[in-house]
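This report refers to the structure that appears directly beneath it.
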Amino acid sequence: MYYTALKLLVGDRSKYMGIIMGLTFASFIMTQQPAIFVGLMARTFSFITDLGQPDIWAMDPKVQFIDDVKPVQDTQLYRVRGVEGVEWAVPLYKGLLKARLENGNFQTCNVIGLDDATLIGGPAIMLEGRLEDLRRSDSVIVDVEGANTKLARTLPSGERVPLKIGGSLELNDRRAVVVGIAKTSRTFQSQPVVYTTYSRAMSFAPRERKMLSFILVKAKDVYDPVRVARRIGQATGLAAYTRDEFKALTVRYFLKNTGIPINFGMAVLLGFIIGAAVAGQTFYNFTLDNLRQFGVLKAMGATNATLLRMILLQAMAAGSVGYGLGVGAASLFGYMVRTSVLAFKFPWQLLALSGSGVMLICVFAALISIRKVMKLEPAIVFKG
Amino acid sequence: MVETTGDSGFAVRCHGVVKIYGDDDSRIMALRGVHLEVRTGELMMLVGPSGCGKTTLISVIAGILDHEQGSCLVFDRDLQAMAGCEKVRYRAKNIGFVFQSYNLLPALTAAENVAMPLIINGVKRKEAVERASEILSRVGMATRVRSLPLELSGGQQQRVAIARAIAHNPRLIVCDEPTSALDHETGHKVMEMLKSVAMDGNRALVIVTHDSRIFEFADRIARMDDGHIEKVVDSPAEL
């Protein structure tokens with residue numbers, strides 16, 4: 001009977017295509033929009049992700065997310081280093097500074113000051129130059145995206161010349177020479193990233209009483225980073241988070257304080273409703289059109305349970321095909337925009353979520369159809 | 001396949017069968033106390049004007065429509081008294097259907113259509129299709145086993161429908177206007193074929209028809225009017 005169910009499903013090509021199109025559209029919307037949302041959210045903590053070495057981030061307790069810098073006193077670094085379970089702790093400066101470009105224009109940059117001795121927190125991928133070159137005087141490393149776009153020089157002809165090694169810019173009236181080009185993950189604010197040493201960052205940044213943005217901490221191997229973080233908090237009064245906790249804190253801030261989730265949620269909800277309506281209606285019509293055939297099967301002795309399984313199989317089969325096509329289309333979309341500014345991230349959890357959504361649509365579509373078939377009087381077969 | 005009791009010699013015994021459609025405001029009494037007996041091995045035709053209750057009666061006989069009053073025994077079993085599942089099982093094993101509009105499943109080939117009753121009765125698909133192909137050759141459709149219904153003429157489709165009706169060797173076959181959509185010659189051939197392949201001593205046929213040209217094939221003819229059997233005759237001339 002299952003073979004018959006599938007043949008009935010695909011037998012009417014136009015109806016079958018209608019169902020598949022509806023489900024494909026629903027699957028596409030339910031994966032593509034959340035993938036952009038996840039990509040966008042991942043950008044909010046991409047700087048934390050890029051810094052793979054530290055287990056723990058210590059900071060002012062009032063910090064709400066990665067870009068919400070509230071400096072602490074430099075002396076806090078030594079207190080953190082004294083906490084049990086800390087392998088090492090290094091300072092990190094993070095601040096938005098205006099850079100004056102060679103053509104006189106100004107561009108706000110995300111300046112990262114790395115520990116002078118270890119350069120921990122530097123970019124993982126160097127496209128040109130070496131991280132150690134930061135030890136040369138006035139040196140900075142810029143990210144390739146910034147170098148090619150916002151920090152690039154525009155010639156009178158309109159041609160854009162990327163900032164290269166040897167090029168320079170001014171940060172707070174101090175000359176900075178580019179010694180390397182790095183690849184970094186795109187951040188939420190999409191400002192050019194300029195790496196330098198911590199001490200040089202202090203000279204670039206306007207002088208304040210407190211300058212230390214974050215303390216990066218590595219827990220000793222035998223210690224649980226979560227416990228070490230709690231211990232740092234208790235000992236110093238700072239907020240100390242593991243990498244994952246800090247990512248979650250950042251995401252929570254954006255979810256709570258921006259309209260992003262609402263906007264994307266609406267798009268996903270709309271996609272789900274439209275997809276469910278289109279697929280449900282088409283599947284219902286398909287069942288109605290086949291009502292006489294179900295009546296024939298019922299008259300010939302097919303039980304309601306058999307027909308129920310047939311309809312569920314039809315719904316699941318259509319759902320699987322639609323889901324595959326929708327997810328495939330969303331993946332293709334993601335592949336095509338991989339080099340653009342559009343955020344797109346496709347974790348397996350998203351596949352599971354959209355898969356569940358599509359299956360829900362199918363079950364819904366099947367249920368409204370099943371009700372009709374269950375109530376069907378087999379005597380319908382004798383009506384002309 | 002046959003699983004019937006009843007050795008009274010009657011395939012169908014209806015006594016005082018009443019069927020009412022609709023509720024209080026729109027009651028239509030389709031059957032007004034029908035008495036009818038069909039013997040095993042008999043081809044009974046039900047004739048009468050449109051709306052007289054012929055189709056309702058064969059629906060009741062076939063167990064696909066419940067009646068309000070009276071009794072209707074099929075091979076001495078009261079289908080209405082059976083539980084839902086038991087009735088469906090009984091119908092699956094013992095009753096075959098031939099419809100006016102053939103009612104073949106359009107997505108299935110001729111052989112797959114004929115195999116349906118066997119599959120419903122639990123025969124494996126492959127075996128069912130093989131057996132269906134044999135049955136199709138008995139009705140002269142050996143070369144069209146893989147054809148879809150839309151690729152067949154009306155007469156051919158009706159032959160497939162007849163093959164489907166006998167595939168699971170039921171003891172009762174009910175036919176609703178089996179020749180009304182066919183021209184005279186084709187209708188005649190279909191009836192000849194139906195009688196030759198479907199009739200045997202253990203089986204009964206109940207055929208609803210308007211088509212007086214096929215009355216000659218009947219063993220007995222029951223004339224219905226206004227929801228009851230007016231008379232039962234042995235030959236068309238007596239109508």
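Keep in mind it's a predicted model, so treat the numbers as computed, not measured. In what follows, chains carry the letters A, B, and so on, assigned in the order in which the sequence lines appear, proteins first and then strands, with residues in each chain numbered from 1. Just so you know, these numbers use all the heavy atoms, side chains as well, and skip hydrogens, waters and symmetry mates.
- Residue B:Ile95 holds its CD1 atom at 13.0 Å from CE of A:Met300, rounded to the nearest 0.5 Å.
- More than 12 heavy-atom neighbours from other residues, nucleotides or ligands sit within 6.0 angstrom of CZ on A:Arg338.
- Neither the backbone nor the side chain of B:Glu177 comes within contact range of chain A; no heavy atom of the residue lies under 4.5 Å from a heavy atom of that chain.
- For the atom pair B:Ile120 CD1 and A:Thr303 OG1, the distance stands at 9.0 Å (nearest 0.5 Å).
- Counting only heavy atoms from C-beta outward, the side chains of B:Arg164 and A:Val296 approach each other to under 4.5 Å.
- In this structure, no portion of B:Arg89 lies under 4.5 Å from any heavy atom of chain A.
- Within 6.0 Å of CE on A:Met359 lie more than 12 heavy atoms contributed by other residues, nucleotides or ligands.
- What you find for B:Ala92 and A:Gly301 is that their closest heavy atoms are CB-CA, 3.7 Å.
- Separation of atoms OH (A:Tyr2) and CD1 (B:Ile119) is listed at 13.0 Å; rounding is to 0.5 Å.
- Closest non-hydrogen pair, B:Arg91 versus A:Ala299, comes out as NE-O, 3.0 Å.
- Checking each of A:Gln293, A:Arg292, A:Lys7 against B:Leu105 for a side-chain contact (heavy atoms from CB on, under 4.5 Å) leaves exactly one that passes, namely A:Gln293.
- Residue B:Tyr21 places its OH atom among more than 12 non-hydrogen atoms of other residues, nucleotides or ligands, all under 6.0 Å distant.
- Taking both residues in full, the closest heavy atoms of A:Gly11 and B:Ala107 are given as CA-CB, 3.8 Å, listed atom of the first, atom of the second, then distance.
- Dense packing is recorded around CE of A:Met374, with more than 12 heavy atoms of other residues, nucleotides or ligands lying under 6.0 Å away.
- B:Arg146 CZ: 12 or fewer foreign heavy atoms inside a 6.0 Å radius.
- Both the backbone and the side chain of A:Leu297 come within less than 4.5 Å of a heavy atom in chain B.
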